[in-house]
Number of protein chains: 2
Amino acid sequence: MRRSEIRGHLLDTALRLFNLHGYHATGIDLIIAEAGVAKTTLYRHFETKEDLILAALERRDEEARAEMRTYVEQRTSDPVERLMATFDFLEACVRDSQFRGCIFMSAAGEHKEAADPVFRAALMHKRLVLAYFEELAHAARIAEPKRIADAINLLHEGAVAVAQVTRSAEPVRQSRRMAVTLFDREVRAPLVSSAQRADAQAARP
Amino acid sequence: MRRSEIRGHLLDTALRLFNLHGYHATGIDLIIAEAGVAKTTLYRHFETKEDLILAALERRDEEARAEMRTYVEQRTSDPVERLMATFDFLEACVRDSQFRGCIFMSAAGEHKEAADPVFRAALMHKRLVLAYFEELAHAARIAEPKRIADAINLLHEGAVAVAQVTRSAEPVRQSRRMAVTLFDREVRAPLVSSAQRADAQAARP
DNA sequence: ACGTAAATATACCGATCTGTATCGTTTAGC
DNA sequence: GCTAAACGATACAGATCGGTATATTTACGT
């Protein structure tokens with residue numbers, strides 16, 4: 001492994017283990033063993049474990065939001081359908097065999113003090129995701145974009161929480177349907193894709 | 001302190017600390033110090049820390065569901081309004097200064113293996129709460145009680161998750177409004193209380 | 001009131017935790 | 001190719017972890 005890749009490899013390894021076992025339960029020794037790296041090397045890149053956690057969360061924050069953006073934008077150009085596509089992206093995340101809940105919620109759950117840097121990093125991620133929902137709602141020319149973004153955010157969080165304990169993707173599908181029911185009278189265009197509308201027509205002709 | 005109270009006192013102390021700091025971050029030494037009890041005493045009542053966690057979760061499960069039942073049943077006898085009263089109960093929980101998120105979600109978040117007894121205890125609590133929602137939906141003579149119970153459950157979980165990071169009760173109020181919007185055409189009676197309807201009439205006569 | 005079971009305090013165990021120190025080896029940039 | 005920085009391996013420090021052992025005192029049931 002090239003030296004320039006070590007830092008990123010450490011972050012990826014740490015993120016995988018944090019996702020699998022949580023933050024307190026994942027020791028430095030396990031991280032370096034899984035990464036195949038000496039302990040000295042880890043502490044040359046990150047001063048403390050907390051710094052490693054913060055760097056990992058920052059990396060994952062940017063990565064996750066970029067993935068969602070890419071998924072949503074290449075799925076449809078219709079601004080309203082893009083709002084709904086966030087649920088499809090979420091469903092894909094939840095269906096991943098490695099899904100163990102939202103790592104930012106876990107981070108906040110293990111670092112509950114509002115002043116804890118880890119908690120603040122988790123909060124910041126949530127704010128940025130919410131801002132993206134607002135951006136989508138604004139583009140969709142919805143009357144109250146902030147309220148709709150809050151609602152989508154709440155449905156997302158509920159779906160992830162229920163999916164985390166039930167180990168099922170069905171809560172995400174249900175939250176999507178709830179979003180459709182909630183918003184289908186508030187926006188200018190239908191909230192189901194043309195393909196789905198065709199399916200529905202074919203099902204009951 | 002009487003001997004018969006020690007076990008319960010240990011469970012209460014442990015629950016308080018688990019809620020404040022999480023499970024891994026709360027050591028045995030802190031629990032016994034806060035409880036004012038010798039370590040030997042704790043280990044006479046609970047074989048391991050995991051046993052203590054499981055006993056604490058079981059106690060809190062019964063306590064929390066009994067509190068919700070009591071709150072809901074004494075607030076209104078109308079079965080439909082009782083569904084909505086679960087949100088009011090939730091709002092009271094979230095407004096508590098000690099609120100740090102759902103301790104069962106935290107437990108599942110720190111014990112992610114599906115076979116972990118702690119994870120299973122958290123899952124069991126969620127199933128029982130969902131069953132109560134179904135019970136309420138059934139009493140309200142709703143067409144699809146299970147689907148509505150799932151929806152309420154999802155809104156609850158979303159509200160708690162968002163409230164946990166934003167440190168606000170507003171997400172709970174929003175989830176309640178979303179529930180009203182979702183169900184007001186599905187049930188036989190209005191979903192706002194007569195007092196709220198009077199307020200609305202007074203506001204715009 | 002007495003005897004037993006459970007409480008206490010304290011010391012201790014081995015394991016594990018985060019983090020450092022040492023030192024020999026490898027790599028990257030000039 | 002030289003040099004300086006980074007890496008690997010290992011040992012270790014000091015704290016804390018969950019859990020035990022022991023010896024003494026306290027409280028409860030009969």
Side-chain angles (χ1 to χ4, degrees), chain A residues 1-57 106-107 109-113 116-119 121, chain B residues 1-58 103 106-107 109-113 116-119 121:
Chain A
M1 181 181 339
R2 287 196 297 275
R3 289 216 167 132
S4 57
E5 299 172 345
I6 286 185
R7 183 187 154 94
H9 178 61
L10 272 170
L11 290 176
D12 288 339
T13 304
L15 276 168
R16 180 171 57 82
L17 295 172
F18 291 153
N19 181 58
L20 282 179
H21 310 303
Y23 297 85
H24 288 90
T26 300
I28 294 289
D29 290 338
L30 178 62
I31 296 173
I32 62 174
E34 291 275 310
V37 149
K39 190 181 276 194
T40 322
T41 303
L42 185 147
Y43 279 102
R44 192 182 313 279
H45 288 278
F46 309 100
E47 288 190 1
T48 65
K49 184 184 182 183
E50 182 175 273
D51 283 342
L52 171 64
I53 294 175
L54 291 173
L57 289 181
S106 288
E110 289 196 45
H111 306 82
K112 312 206 182 204
E113 304 264 344
D116 189 307
V118 177
F119 182 92
Chain B
M1 181 182 338
R2 288 195 295 276
R3 281 225 250 260
S4 57
E5 299 171 345
I6 287 184
R7 184 187 153 93
H9 177 61
L10 273 169
L11 290 176
D12 287 339
T13 304
L15 277 168
R16 180 171 58 83
L17 295 172
F18 290 153
N19 180 59
L20 282 180
H21 310 303
Y23 297 86
H24 288 90
T26 301
I28 295 289
D29 291 338
L30 177 60
I31 296 174
I32 62 175
E34 291 276 310
V37 149
K39 191 181 274 196
T40 322
T41 304
L42 185 148
Y43 279 103
R44 192 182 309 282
H45 288 280
F46 310 99
E47 288 191 0
T48 65
K49 183 185 181 181
E50 181 176 273
D51 283 342
L52 171 64
I53 294 175
L54 291 172
L57 288 182
E58 190 173 351
I103 67 162
S106 288
E110 289 196 44
H111 305 83
K112 312 206 182 204
E113 304 264 344
D116 189 306
V118 177
F119 181 93

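Excluded from the calculations below are hydrogen atoms, water molecules and symmetry mates; all remaining heavy atoms, backbone and side chain alike, are included. Numbered from 1 within each chain, the chains take letters A, B, ... in sequence-line order.
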Peer 1: Grab the CG-P distance between A:Leu42 and C:dG19 for me, whole Å please.
Peer 2: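 These atoms are roughly 9 Å apart.
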
Peer 1: Figure out the OH/C1' separation between B:Tyr43 and D:dG19, and round it to whole Å.
Peer 2: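 Result: 5 Å.
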
Peer 1: If you check every side-chain atom of A:Arg44, which of C:dG19, C:dT8, D:dC7 has the closest atom?
Peer 2: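 Given the options C:dG19, C:dT8, D:dC7, the side chain of A:Arg44 is closest to D:dC7.
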
Peer 1: Between C:dG19 and A:Lys39, counting only base atoms on the nucleotide and side-chain atoms on the residue, is there a donor-acceptor pair under 3.5 Å?
Peer 2: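 Present.
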
Peer 1: Given atom NE2 of A:His24 and atom C1' of D:dG18, what is their separation to the nearest angstrom?
Peer 2: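 Checked: the NE2 to C1' distance equals 16 Å.
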
Peer 1: How are the rings of B:Tyr23 and B:His111 set to each other: parallel, tilted or perpendicular (split at 30° and 60°)?
Peer 2: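 Ring orientation of B:Tyr23 relative to B:His111: perpendicular.
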
Peer 1: Quick one: B:Leu52 CG to D:dG18 P, roughly how many Å, whole number?
Peer 2: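 Going from B:Leu52 (CG) to D:dG18 (P), I get 10 Å.
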
Peer 1: Under 4.0 Å from OP1 or OP2 of D:dA6: is there any side-chain N or O of A:Thr41 that close?
Peer 2: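 No, because none of the side-chain N or O atoms of A:Thr41 sits under 4.0 Å from OP1 or OP2 of D:dA6.
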
Peer 1: Looking only at side-chain atoms of B:Thr40, point me to the closest of D:dG18, C:dG19, C:dT8.
Peer 2: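 Looking only at heavy atoms from C-beta outward on B:Thr40, the closest nucleotide is C:dT8.
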
Peer 1: For residues A:Leu11 and A:Phe46, determine if any side-chain heavy atom of one lies less than 4.5 Å from a side-chain heavy atom of the other.
Peer 2: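 Result yes, sub-4.5 Å side-chain heavy-atom pair found.
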
Peer 1: Would you confirm whether A:Glu110, through its side chain, and B:Glu110, through its main-chain N or O, come within 3.5 Å as a donor-acceptor pair?
Peer 2: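 No, A:Glu110 side chain to B:Glu110 backbone: no donor-acceptor pair under 3.5 Å.
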
Peer 1: Mapping B:Tyr23 and B:Ser4 onto DNA chain D by nearest heavy atom, which one lands closer to the 5' end?
Peer 2: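 Its nearest nucleotide being more 5', the pick is B:Tyr23.
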
Peer 1: Both A:Ala25 and B:Ile6 contact DNA chain C. Which one's nearest nucleotide lies toward the 5' end?
Peer 2: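 Looking at DNA chain C, the more 5' nearest nucleotide goes with B:Ile6.
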
Peer 1: Just the rounded figure in Å: distance from P of C:dG19 to CD1 of A:Ile53.
Peer 2: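 These atoms are roughly 9 Å apart.
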
Peer 1: So does A:Glu113 have more than 12 non-hydrogen atoms from other groups sitting under 6.0 Å from CD?
Peer 2: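 Count not over threshold, so no.
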
Peer 1: Give a yes/no on whether any side-chain N or O of A:His45 is located under 4.0 angstrom from OP1 or OP2 of D:dC7.
Peer 2: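 Yes, A:His45 has a side-chain N/O under 4.0 Å of OP1/OP2 on D:dC7.
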
Peer 1: With the side chain of B:Ala38 defined as its heavy atoms from C-beta on, choose the nearest nucleotide among C:dG19, C:dA9, D:dG19.
Peer 2: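 Per side-chain heavy atoms of B:Ala38, the pick is C:dA9.
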
Peer 1: Just compare D:dG19, C:dT18, D:dA27 and give me whichever is closest to any side-chain atom of A:Asp29.
Peer 2: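 Selected nucleotide: C:dT18.
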
Peer 1: Within the supplied structure, the quantity of interest is the number of heavy atoms (other residues, nucleotides, ligands) at a distance under 6.0 Å from A:Glu5 CD; does it exceed 12?
Peer 2: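 Result for CD/A:Glu5: enclosed.
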
Peer 1: Could you check which of D:dG19, C:dA7, C:dT8 has an atom nearest any side-chain atom of B:Val37?
Peer 2: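 Of D:dG19, C:dA7, C:dT8, C:dT8 is nearest to the side chain of B:Val37.
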
Peer 1: Quick one: on DNA chain C, does B:Arg3 or A:Glu50 contact a more 5' nucleotide (nearest heavy atom)?
Peer 2: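 It is B:Arg3, whose closest nucleotide lies nearer the 5' terminus.
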
